[in-house]
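Working notes for the structure below.
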Amino acid sequence: MPMNDRLSLHVPEPEVRPGDKPDFSRVEIPEAGSVRRPPEDAEAESMRDLAYSIIRVMNRDGEAVGPWAGSLSDDEIIEGLRHMMTLRAFDQRMLMAQRQGKTSFYMQHLGEEAISCAFQKALKPGDMNFPTYRQAGLLIAGGYPMVDMMNQIYSNDADPLKGRQLPVLYSARSHGFFSVSGNLGTQYIQAVGWAMASAIRQGTEISAAWIGDGSTAASDFHAALVFASTYRAPVILNIVNNQWAISTFQGIARGGSGTFAARGLGFGIPALRVDGNDYLAVHAVSQWAANRARRNGGPTLIEHVTYRAGAHSTSDDPSAYRPKEESNAWPLGDPVLRLKNHLTLRGLWSEERHRQAEAEIRAEVIAAQKEAERHGTLHAGGKPSARDMFEDVYAEMPAHLKRQRQQAGV
Amino acid sequence: MPMNDRLSLHVPEPEVRPGDKPDFSRVEIPEAGSVRRPPEDAEAESMRDLAYSIIRVMNRDGEAVGPWAGSLSDDEIIEGLRHMMTLRAFDQRMLMAQRQGKTSFYMQHLGEEAISCAFQKALKPGDMNFPTYRQAGLLIAGGYPMVDMMNQIYSNDADPLKGRQLPVLYSARSHGFFSVSGNLGTQYIQAVGWAMASAIRQGTEISAAWIGDGSTAASDFHAALVFASTYRAPVILNIVNNQWAISTFQGIARGGSGTFAARGLGFGIPALRVDGNDYLAVHAVSQWAANRARRNGGPTLIEHVTYRAGAHSTSDDPSAYRPKEESNAWPLGDPVLRLKNHLTLRGLWSEERHRQAEAEIRAEVIAAQKEAERHGTLHAGGKPSARDMFEDVYAEMPAHLKRQRQQAGV
Amino acid sequence: MPRMTMIEAIRSAMDVSMERDDRVVVFGEDVGYFGGVFRCTQGLQQKYGRTRCFDAPISESGIVGAAIGMAAYGLKPCVEIQFADYMYPAYDQLTQEAARMRYRSNHQFTCPMVVRMPTGGGIFGGQTHSQSPEALFTHVCGLKVVVPSTPYDAKGLLIASIEDPDPVIFLEPKRLYNGPFDGHHDRPVTPWAGHPAADVPEGHFVVPLGEAATVREGSAVTIVTYGTMVHVAAAAAEETGIDAEIIDLRTLLPLDLEAITRSVRKTGRCMVLHEATLTSGFGGELAALVQEHCFYNLEGPVVRVAGWDTPYPHAQEWDYFPGPARVGQALKDMMEA
Amino acid sequence: MPRMTMIEAIRSAMDVSMERDDRVVVFGEDVGYFGGVFRCTQGLQQKYGRTRCFDAPISESGIVGAAIGMAAYGLKPCVEIQFADYMYPAYDQLTQEAARMRYRSNHQFTCPMVVRMPTGGGIFGGQTHSQSPEALFTHVCGLKVVVPSTPYDAKGLLIASIEDPDPVIFLEPKRLYNGPFDGHHDRPVTPWAGHPAADVPEGHFVVPLGEAATVREGSAVTIVTYGTMVHVAAAAAEETGIDAEIIDLRTLLPLDLEAITRSVRKTGRCMVLHEATLTSGFGGELAALVQEHCFYNLEGPVVRVAGWDTPYPHAQEWDYFPGPARVGQALKDMMEA
Ligand SMILES: Cc1ncc(C[n+]2csc(CCOP(=O)(O)OP(=O)(O)O)c2C)c(N)n1
Ligand SMILES: Cc1ncc(C[n+]2csc(CCOP(=O)(O)OP(=O)(O)O)c2C)c(N)n1
Ligand SMILES: [Mg+2]
Ligand SMILES: [Mg+2]
């Protein structure tokens with residue numbers, strides 16, 4: 001603490017900027033398998049340390065080790081790898097489609113595939129995610145048809161949302177995927193409300209809230225923690241810390257707290273930090289939290305530690321604010337490669353099978369894309385009608401909207 | 001944790017309701033003098049325990065003990081007692097005035113006098129409080145004329161706020177007292193902004209934010225903690241936990257966290273809990289935080305543990321939601337009595353002097369009241385003009401307001 | 001038929017709704033054990049239990065945000081904001097989330113909920129207990145906006161709102177809670193007891209949303225108004241002897257334009273009256289619509305009478321409030337023009 | 001004179017202001033090192049240092065709340081909300097705090113600050129990157145509301161706003177950032193370069209708040225509008241050959257009523273045009289005022305053309321946007337009526 005008699009403003013800055021050498025030396029990474037696994041019904045107070053550590057399952061060699069290992073069967077792990085590969089392939093095609101002018105906007109998941117793909121496998125039918133724009137893995141792993149995702153992205157005449165929403169702001173009630181909001185943070189408290197409703201009705205369904213590191217600063221993050229803590233709502237409060245909020249590094253939202261998970265401590269909510277690039281760890285921790293919630297143990301906060309390897313969106317160019325090589329330097333590696341290595345080490349996978357799977361997935365994605373494009377793209381082919389624009393503002397169209405629709409001549 | 005397969009909603013309830021016997025057995029109260037005093041520049045991480053304890057100076061016998069004792073001279077302590085007595089007398093007169101119809105509304109401090117009175121003595125000229133409606137002790141202890149407070153309460157023709165504000169929503173820039181808002185929570189972040197401004201300008205002034213236990217649930221509480229943590233603003237973040245928010249007990253806002261102070265932990269902000277009915281403890285802790293802020297050590301969160309012994313406001317009757325005797329059962333006692341005992345024990349005060357002081361103070365308050373009433377009360381005598389209603393909406397009155405003022409014929 | 005104050009009518013509406021439909025839940029600040037600072041929810045927790053009626057933390061965005069999640073689940077939350085002046089922290093959830101849920105999800109998710117809030121001045125509440133923010137909701141498509149002026153309407157409209165499939169902002173003129181206040185603040189308080197609209201059926205009934213009421217027939221001028229101002233308008237008509245037709249909108253969005261235009265075509269004159277601040281108030285919309293639809297019937301411009309463009313002051317409350325004198329004068333001016 | 005886009009003009013206004021007055025500070029999401037998602041603050045951190053231009057957490061209420069505290073201290077914050085669609089969490093701070101600080105403290109504390117936010121559609125931003133919430137501010141006394149339509153005005157108005165003693169909401173039509181868009185979305189983009197109002201002085205100058213500009217003289221009808229719609233109105237006038245007088249309000253609150261009534265008295269017809277949702281939009285206020293002040297000059301009702309009462313859709317953006325065809329048709333209808 002400086003001993004000036006004049007005050008000065010502290011404005012946090014990332015260690016490096018474009019031109020500098022990437023530096024993640026400040027990121028403390030515990031050995032895989034080294035973090036304890038408390039019982040699912042342990043008191044929140046007994047596990048405050050977990051908010052300052054990182055739960056990891058796969059070690060450098062690709063072995064699954066420690067108390068959090070073993071939450072999935074071999075087949076499930078292979079399926080998990082395919083989901084992540086599918087999400088990555090999907091992203092690539094859609095990025096390209098956006099560059100080709102087939103849609104206005106896209107947001108990718110590069111480097112973060114494990115989180116939403118693994119998490120979804122901890123949920124059951126009837127549970128509800130309240131996702132942000134960067135959790136399409138919930139849909140992919142949940143078996144939602146890719147072609148419907150693409151129809152939404154293209155705003156074409158088969159778009160399940162009738163062209164009303166920005167690309168990637170999906171909604172899929174049937175698949176436990178709440179309508180994504182363009183406004184950050186708002187859905188965190190809605191997820192808590194949904195979980196409260198389930199508890200009020202003595203139901204069995206739980207919910208999952210999603211938010212980015214940057215958006216934890218939003219007001220509704222606080223509302224969610226207050227309500228979840230007070231009413232012990234059966235909700236999993238996920239924070240995806242991918243180190244960046246557009247051009248703003250996580251230090252601006254995190255401030256002086258060591259971690260985002262620490263935010264839970266002030267509410268008596270168990271707060272676990274997990275290696276978000278470790279599919280097995282994400283699943284194990286999510287399962288722990290889901291079990292706890294289902295047993296009426298209330299909320300759990302999970303900070304998924306990862307890195308946004310791509311641009312924020314197709315409107316963004318990260319080379320303007322961070323070193324290009326930073327993503328390669330990220331010490332937690334690539335989620336797809338790591339799970340591939342794990343399976344290969346265990347003789348369940350191989351280079352050969354991987355290439356084959358890649359080809360199959362590519363073909364699937366391309367087939368879906370072809371089908372979607374038959375329904376049109378943003379500027380060509382079929383599109384939702386102007387009539388659709390006037391529907392669903394209310395359950396029943398009021399007189400003034402009918403008048404306007406008539407004026408619009410549709 | 002129950003093991004139902006059905007969820008259920010947890011709705012916290014106070015231990016007792018009207019008709020029940022008061023029960024504060026859950027309130028853990030450490031011995032006076034038992035809580036350590038970290039150096040003013042210690043790391044926040046090194047004092048997390050202080051968020052779960054209560055710093056106390058005066059013991060049962062009235063002795064000042066332990067590492068937090070000794071922050072004030074004898075004269076200052078006597079002055080402190082007089083401030084609290086003044087505030088209490090002021091409250092009594094104004095409650096009566098409200099009952100007599102001389103104003104519309106009043107809010108008292110009964111049982112909480114130590115907090116604002118002692119805190120103010122840790123500030124310097126130029127510092128700025130962002131108070132709620134229950135910190136008039138900041139004005140009393142800061143030497144603001146009582147008659148001006150009364151003029152505000154009466155909305156009379158000498159009201160410094162021209163009748164525009166609800167009674168007790170004072171504003172006194174000259175005395176480091178920011179305009180009180182009727183909207184809860186909003187000023188917490190404003191105080192942080194003010195402190196940031198001081199740091200930006202490399203000033204020396206610090207600010208103090210104030211909020212009630214119930215209002216910590218408000219969104220702007222979060223904004224304040226985020227900004228204070230990120231920019232290390234020279235601000236003292238006070239939470240006055242008086243156990244109640246109108247009819248709602250503190251468990252609804254606090255939820256599963258052990259204490260309100262714990263909220264600071266997730267932000268890396270030092271969080272101290274203090275016996276809010278102990279004038280000496282409040283002063284010592286406030287001084288510690290002020291010194292830290294002045295040395296560019298950033299924010300401190302202080303939870304003042306107290307009890308709202310009176311009604312929420314003149315519109316409220318607490319016997320509808322809590323046992324009448326609860327306030328007598330409050331284990332931290334009465335702040336005035338406790339400081340009186342301390343001084344008496346030390347031979348600095350006596351029953352005699354106390355009665356005399358009471359009489360003097362009563363006379364002062366009554367004199368001020370007489371003077372104020374010469375300027376009018378809400379429904380009688382002088383009042384601010386309807387012209388005043390149109391002023392100060394903007395620095396310069398725009399045409400449409402001039403037109404309206406003319407229409408109003410004033 | 002029992003006689004009810006507006007508070008009792010509102011309480012009865014929630015009671016009836018909770019009884020009939022166990023998806024209806026009620027929460028908000030101080031609404032649980034205590035029954036609300038205006039006592040509108042008194043007894044509901046005792047009757048329906050703590051999970052159907054409970055206290056909420058002081059977080060308006062939390063209250064509304066949680067209600068949205070509950071509505072999406074399938075409940076029908078009816079929440080209270082303690083004063084309309086405190087709805088602003090929830091404004092994001094109300095306008096960006098609740099209002100657009102049906103639309104943006106192509107009706108996969110909907111938001112059948114009611115947000116009740118006391119509105120208006122006249123109780124010396126100053127600038128933070130007196131506001132009338134209806135125009136901030138009428139500009140938001142996807143919301144419905146309701147303002148009752150009598151116990152009967154309050155109950156029937158509130159039940160209709162709770163049963164509505166879309167989010168409803170239910171503004172309760174707090175100065176009408178205990179009596180039909182006509183703006184004569186210096187006269188003794190009139191209780192509801194003697195008023196015909198205090199005859200309120202015990203059980204279930206609805207006053208449909210979107211239908212205005214003609215509360216006074218007249219031929220000289222149409223006064224379009226709602227809430228407390230309905231009673232002020234009636235007093236002004238009585239006192240000036242000007243034969244005004246008074247339309248109580250009851251629902252502002254969607255609006256019963258038909259009822260307004262029918263009357264203005266008849267009278268040829270129109271005053272729009274509300275307590276909220278004039279500029280960009282809902283009166284602007286009303287005046288714009290009236291001149292658009294009845295231009296060739298109008299004998300003079302539509303006149304707006306409203307609160308001044310200042311915050312609602314404490315001491316000068318009755319200078320601010322558009323009472324019967326101001327309304328009466330404006331009526332006379334209109335007839336002379 | 002340098003030629004500037006609207007982005008460059010806005011940046012230059014902040015640069016000039018920061019240079020002249022070291023109490024001016026700039027912050028918001030992504031505005032520091034990166035210079036803002038629309039690049040309006042590019043280079044300011046590099047030039048004035050990190051304590052005068054910095055990144056803020058994603059908390060709009062925090063940004064505005066902190067700015068209020070800073071303004072009370074004596075600074076002049078000029079903050080950015082990334083999109084107007086995201087101002088709602090700050091709506092409480094803006095309307096209940098900033099707007100009333102001078103009033104409630106009897107000018108002990110004031111709030112000289114500017115809140116900039118990109119507004120309007122036309123970039124396929126969907127319902128959360130396209131909104132025009134000006135009416136939610138024009139209803140709030142104590143605020144000023146500014147909407148520029150050219151680089152010249154943007155710079156002069158922004159400097160005036162920063163120098164103003166009261167809080168100013170500065171709405172930047174994002175579709176005008178890079179060119180004078182007239183609504184013909186299917187034609188090639190026109191850059192600012194060729195436009196006379198892209199001639200913007202390098203240094204200090206102001207366009208005073210509260211003064212409208214007559215951007216096209218005409219005799220047949222008055223079009224009262226602002227922002228992007230100024231250019232759409234001009235296109236519609238050109239294309240229909242109807243001799244419209246176009247008033248660019250520039251400041252909505254306080255309003256230059258004089259400029260409007262002068263023109264309407266001359267032309268006898270008035271169209272009010274904005275991109276925001278029709279019902280309870282600022283057009284309602286404008287229409288109400290025009291009929292009130294010019295009733296006996298009007299040959300027909302004031303006509304409002306505006307966005308429909310639906311959220312701003314993604315795919316149907318151009319069905320929603322009140323483009324030159326819709327405006328032109330309305331003009332023709334008015335002339336025939
Ligand atoms: C209320 C609100 N403010 C600002 C934005 C603009 N915005 C969109 S994404 C984004 C960054 C979010 O960062 P983070 O929460 O870390 O999520 P990530 O994109 O990294 O997944 C911002 C500021 C918004 N959508 N909503
Ligand atoms: C935003 C907002 N919501 C609700 C209210 C109404 N209200 C006034 S005081 C109060 C209780 C506050 O309790 P607490 O914060 O504990 O402070 P205390 O009164 O105990 O000092 C409430 C709910 C308000 N003024 N502002
Ligand atoms: Mg992020
Ligand atoms: Mg309290």
Side-chain angles (χ1 to χ4, degrees), chain A residues 1-12 40-41 44-45 51 195-196 198-206 216-223 225-234 251-258 262-269 271 292-298, chain B residues 1-12 41 44-45 48 51 195-196 198-206 216-223 225-234 251-258 262-269 271 292-298:
Chain A
M1 199 181 297
M3 299 282 287
N4 282 335
D5 40 351
R6 291 265 152 199
L7 297 164
S8 66
L9 190 75
H10 171 74
V11 181
E40 283 163 5
D41 59 359
E45 290 67 46
M196 287 172 69
S198 179
I200 289 171
R201 300 294 282 176
Q202 300 182 286
T204 55
E205 312 93 339
I206 65 169
T216 60
S219 301
D220 287 331
F221 177 78
H222 182 64
L225 267 69
V226 170
F227 277 65
S229 172
T230 293
Y231 303 108
R232 295 190 200 149
I252 291 286
R254 199 201 56 214
S257 66
R263 295 281 196 263
L265 299 184
F267 296 85
I269 296 177
R292 185 178 174 95
R294 286 189 214 290
R295 293 163 74 177
N296 230 351
Chain B
M1 197 181 298
M3 298 282 286
N4 283 334
D5 40 352
R6 291 265 153 199
L7 297 165
S8 67
L9 190 75
H10 172 74
V11 180
D41 60 358
E45 290 68 45
R48 292 201 188 122
M196 287 173 68
S198 179
I200 289 170
R201 300 294 283 177
Q202 299 180 286
T204 55
E205 313 94 338
I206 65 170
T216 59
S219 301
D220 287 330
F221 177 77
H222 182 64
L225 267 69
V226 171
F227 277 66
S229 172
T230 293
Y231 303 109
R232 293 187 201 153
I252 291 286
R254 200 204 55 213
S257 67
R263 294 281 196 264
L265 300 185
F267 296 85
I269 296 177
R292 184 177 174 96
R294 286 189 213 291
R295 293 161 75 176
N296 229 352

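All chains are named by letter (A, B, ...) in the order of the sequence lines, taking the proteins before the strands, and each is independently numbered beginning at 1.
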Heavy-atom distance under 4.5 Å between the side chains of B:L9 and A:M196, does that happen here? yes
Non-hydrogen side-chain atoms of B:R6 and A:T204 separated by less than 4.5 Å: yes
Do any N or O atoms from the side chain of B:R232 and from the backbone of A:H10 form a donor-acceptor pair under 3.5 angstrom?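 Looks like no, no N/O pair under 3.5 Å.
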Report the residues that fulfil side-chain hydrogen bond (donor to acceptor under 3.5 Å, both in side chains) with B:T230, sequence neighbours left out, ordered by chain and then residue number. none
Just jot down the side-chain hydrogen bond (donor to acceptor under 3.5 Å, both in side chains) partners of A:T216, sequence neighbours excluded, or say none. none
For the [atom1] atom of [X] and the [atom2] atom of [Y], what is their distance to the nearest 0.5 Å?
X      : Y      : atom1 : atom2 : value
A:I252 : B:Y231 : CD1   : OH    : 5.0 Å
B:R48  : A:L265 : CZ    : CG    : 7.5 Å
A:D220 : B:H222 : CG    : NE2   : 9.5 Å

Using non-hydrogen atoms and a 4.5 Å limit, figure out which bit of [X] sits close to chain A: side chain, backbone, both or neither.
X      : value
B:A217 : both
B:F221 : side chain
B:R254 : backbone
B:A253 : backbone

Between [options], who has the most heavy-atom pairs with chain B when the cutoff is under 4.5 Å?
options                        : answer
A:A218, A:A44, A:A195, A:G266  : A:G266
A:A271, A:G255, A:G251, A:S198 : A:G255
A:S257, A:G268, A:P234         : A:S257
A:S219, A:S229, A:G264         : A:S229
A:G203, A:G258, A:A51, A:P12   : A:G203

Side chain, backbone, both or neither: which part of [X] has a non-hydrogen atom closer than 4.5 Å to chain B?
X      : value
A:E45  : side chain
A:I200 : both
A:A293 : backbone

Under a 3.5 Å cutoff, is there a donor and acceptor pairing between the side chains of A:S8 and B:N296? yes
